[in-house]
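Some notes on the structure that comes next.
Side chains are part of it too, since the values below use all heavy atoms of this structure and drop only hydrogens, waters and symmetry mates.
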Amino acid sequence: MNGPAKHNRPKISDDPAQLRIRAEDRLRERPGNQQSDAVVPKSAVAAQRLLHELQVHQIELEMQNAELRQARDELEVALDNYTDLYDFAPAGYFTLAAAGTIRQVNLTGARLFGIERSRLVGQSFGLLVSAARRPVFNSFLKEVFAGGNQQPIDIELQSKSQPCQVIRVRAERSPAGLDCRAVVLDITALRREEDKVRASEIRYRRLFEAAQDGILLLAPGTRRITDVNPLMTKMLGRRQDQLVGKELHEIGLLKDEAASREMFKKLKERREVRYEVLPLETEDGRHQEVEVVASLYQENGHTVIQCNVRDITERKRAEQGARRLEVMAASNRKLEQEIIRRKTLERALKMSEQQLRQLSHEILIAQEQERKRISRELHDTVLQTLVGINIHLASLTSKSADNPRSLQRKIKQTQRLVEKSLALVHRFALDLRPTVLDDLGLIPALHTFMKDFMTRTGVRARLTAYTAVNRLPIEMRAVLYRVALEALNNVAIHAQASGVEVEIKKLPDWICLTIKDDGKSFDVKRVLLTKGNGRLGLLGMRERLEMVGGNFKVESTTGKGTTITAKIPSGKAAP
């Protein structure tokens, strides 16, 4: 720490002759001073000369005063610069007496201790140091004043409220020997980082020593071992001094020098080389299998190669045992799956048998009811019509021949009864198997049925059909026809609908039939699970579709009606 720098100032001449010449030149420049010596009396020459000298001295003093003011201004600027550099320096500057009393301190030093500068001046620097390090500081200060070449010291500050703060002090005695100038740096963060590094090195050494893998450290330039951990010496059955300085192939880890060079070449290219299985022979001739992972990394600016060697002999045995167990477990799983599959098939078979028996029972009941209905229809309609025809024919006696008009009227009545009988028989035939389905196809058959459906029920019905559906085999067309008839009959009986839409469309692999009404909804699951005739229609539809490889779906939503979707494979996907 040096004092303020010396600045150049205008040089003032001390030569009287030079000063006189400069003053006279300045005097001549003033107006009113040009007088002729001829007109001045000789008695006044001395006075004139004295006045002239006084004027010269006045000019000299004015010039010196101007130069001094300029020098003062320059010194004030230099002092301000020095003060800024001193107070705001990155280090704390202290001037200490021999007893350690602080005589001067800059702002950085005051902030370092967290004490105002005015309160810090006059205190003992040693009292600010922790009690444990105070003797060290006192010895340091004595050696500084003794003129010794004292190295800097690191000491902790005395603080109860703040974390430990470490400073580095470098001091030098002043030339007079009355005080010393000390430079103080806060190295708390540096000390923490150094502590972390030391702790990291300790942890690394502990990990290195206690690692569960054998570890070898090698120098990339020589390819020779520089350090080994205890487990590696145990694996090889050799002491550390027997391993350090050797190459990998010399300790039996790689088969020869060429293999060692190849590994180092790969390591430089990839930064890591892994060997899943390598044979390793110990000092006593015992063979074992090891896994080696070699890594190339930087440590403190130096390149280091680390080889982690793991004995996998037991692991290999465990893996072989695990593979055997896995094979046995896989066989057991397959056996369990087969048992589960068979039990599932048995349950499904039993369920199918129960459903088949139930369905057969319901079909028999439905057939019996259908027979009753046909018998009742035949009795109430066809039979009555035939009886009427018989009565009309019996009335056509010879008596009626006398009245041609009456005979003609009775014949017409008989014809109407015959036409009615034909219509009833035709409707029965349509219900059983419409000939138009075989002769003209599915679409005309559905048109005919839906026309009669609208006449009988008053429900609006609309058909949208994919025309190529008529190219399906007759059994598939019959299935679609029966499903449509059963669905429309359910609409007429249960839905209380005002309209129904029937659509047949082509999907990539399917022919899809959709019957959608706007009537009442129902609980599909409950209806399907309920025993009795109520579910025969839905089951019949599903059974018919499954017979040709199709599938069946029913959706019923409150306020939206019911939608029945029936799909059968198209010709390309048909089984």
Could you walk me through whether Leu248 and Leu216 pass side-chain contact (heavy atoms from CB on, under 4.5 Å), step by step?
CA-CA 9 Å; Leu248 294 180; Leu216 297 169; 3.8 Å; yes
Assess the residue pair Cys512 and Thr565 against the criterion (side-chain contact (heavy atoms from CB on, under 4.5 Å)); give the C-alpha distance rounded to whole Å, side-chain angles, the decisive distance to 0.1 Å, and a yes or no.
CA-CA 7 Å; Cys512 180; Thr565 304; 3.7 Å; yes
Salt bridge (Lys or Arg N to Asp or Glu O under 4.0 Å) for Lys350 and Glu346? Distances and angles first, verdict last.
CA-CA 6 Å; Lys350 289 181 181 179; Glu346 289 177 0; 5.5 Å; no
One thing to verify: whether Glu338 and Arg342 come together as a salt bridge, which I'm taking to mean a side-chain N less than 4.0 angstrom from a carboxylate O.
yes
Inter-residue atom distance Lys268.NZ - Leu296.CG, 0.5 Å rounding
8.5 Å
Measure across Arg181 and Ser174 and return the closest heavy-atom pair with its distance rounded to 0.1 Å.
NH1-CB, 3.7 Å
Do Ile568 and Leu472 have side chains that approach each other closer than 4.5 Å (heavy atoms only, starting at C-beta)?
yes
Value rounded to 0.5 Å, distance of CD1 in Ile102 from CZ in Arg117:
12.0 Å
Beyond-backbone contact of Trp510 with Pro569, side-chain heavy atoms, under 4.5 angstrom:
yes
Intermediate values then yes/no, side-chain contact (heavy atoms from CB on, under 4.5 Å), Ile215 and Leu231
CA-CA 8 Å; Ile215 300 177; Leu231 185 60; over 6 Å; no
Which atoms form the tightest heavy-atom contact between Leu218 and Cys307, and what is the distance?
CD1-SG, 3.6 Å
Are any non-hydrogen side-chain atoms of Phe522 and Val554 less than 4.5 angstrom apart?
yes
CD/Glu116: more than 12 non-hydrogen atoms of other groups inside 6.0 Å
no
Heavy-atom neighbours of Arg471 CZ exceed 12 at 6.0 Å
no
Contact check, side chains of Asp227 and Gln240, non-hydrogen atoms, under 4.5 Å
yes
Rounded distance [0.5 Å steps], CE in Met232 versus CG in Leu243
7.0 Å
For the pair Arg170 (side chain) and Val183 (backbone), establish whether a donor and an acceptor sit closer than 3.5 Å, ignoring hydrogens and angles.
no
Counting C-beta onward and ignoring hydrogens, is there a side-chain heavy-atom pair between Thr108 and Tyr93 closer than 4.5 Å?
no
Please check: side-chain N/O of Thr188 versus main-chain N/O of Val166, any donor-acceptor pairing under 3.5 Å?
yes
Over all heavy atoms of both residues, which pair between Arg223 and Phe264 is shortest? Give the atoms and the distance, please.
CD-CD1, 3.2 Å
May I ask you to test the Ile564-Phe552 pair for a side-chain heavy-atom distance under 4.5 Å?
yes
Take atom CZ in Arg134; do more than 12 heavy atoms of anything else shown fall under 6.0 Å from it?
yes
Tell me whether the count of non-hydrogen atoms from other residues, nucleotides or ligands lying under 6.0 Å of NZ in Lys506 goes above 12.
yes
Please find the pair of heavy atoms, one from Ser521 and one from Gly561, that lie closest to each other, and give the distance.
CB-O, 4.4 Å
Backbone N or O of Phe145 within a donor-acceptor pair of the Arg173 side chain at under 3.5 Å?
yes
Just do the side-chain contact (heavy atoms from CB on, under 4.5 Å) check on Arg238 and Thr233 with the steps written out, would you?
CA-CA 5 Å; Arg238 301 182 185 181; Thr233 61; 5.9 Å; no
Indicate yes or no for a side-chain donor-acceptor contact from Thr226 to the backbone of Ala219 under 3.5 Å, with no hydrogens or angles considered.
no
Atom NZ in Lys246, atom CD1 in Ile225: separation rounded to 0.5 Å?
9.0 Å
Do Phe94 and Leu120 make a side-chain contact, defined as non-hydrogen atoms from C-beta onward lying under 4.5 Å apart?
yes
Asn551 versus Leu545, closest heavy-atom pair with distance
O-CD1, 3.5 Å
So CG of Asn332 and CD of Gln337: to nearest 0.5 Å the spacing works out to 11.0 Å
Between Asn308 and Glu291, is any side-chain donor less than 3.5 angstrom from a side-chain acceptor?
no
Of the non-hydrogen atoms in Val469 and Ile511, which two are nearest, and what is the gap between them?
CG2-CG2, 4.0 Å
Donor-acceptor pair, Asn106 side chain versus Ala91 backbone, under 3.5 Å?
yes
Under 3.5 Å, is there a donor-acceptor pair between the side chain of Asp179 and the main chain of Thr95?
no
Test Gln123 against Thr101 for side-chain hydrogen bond (donor to acceptor under 3.5 Å, both in side chains), laying out the working first.
CA-CA 6 Å; Gln123 288 194 34; Thr101 306; over 6 Å; no
Answer with yes or no whether the side chains of Glu555 and Thr562 bring together a donor and an acceptor at under 3.5 Å.
no
Within this structure, what is the CZ-CD1 distance for the pair Arg271 and Ile305, rounded to the nearest 0.5 Å?
9.5 Å
Name the one of Arg192, Glu194, Glu193, Arg168 that satisfies side-chain contact (heavy atoms from CB on, under 4.5 Å) with Ile187?
Arg168
Flag, side chain of Ser556 to backbone of Val524, donor-acceptor distance under 3.5 Å:
no
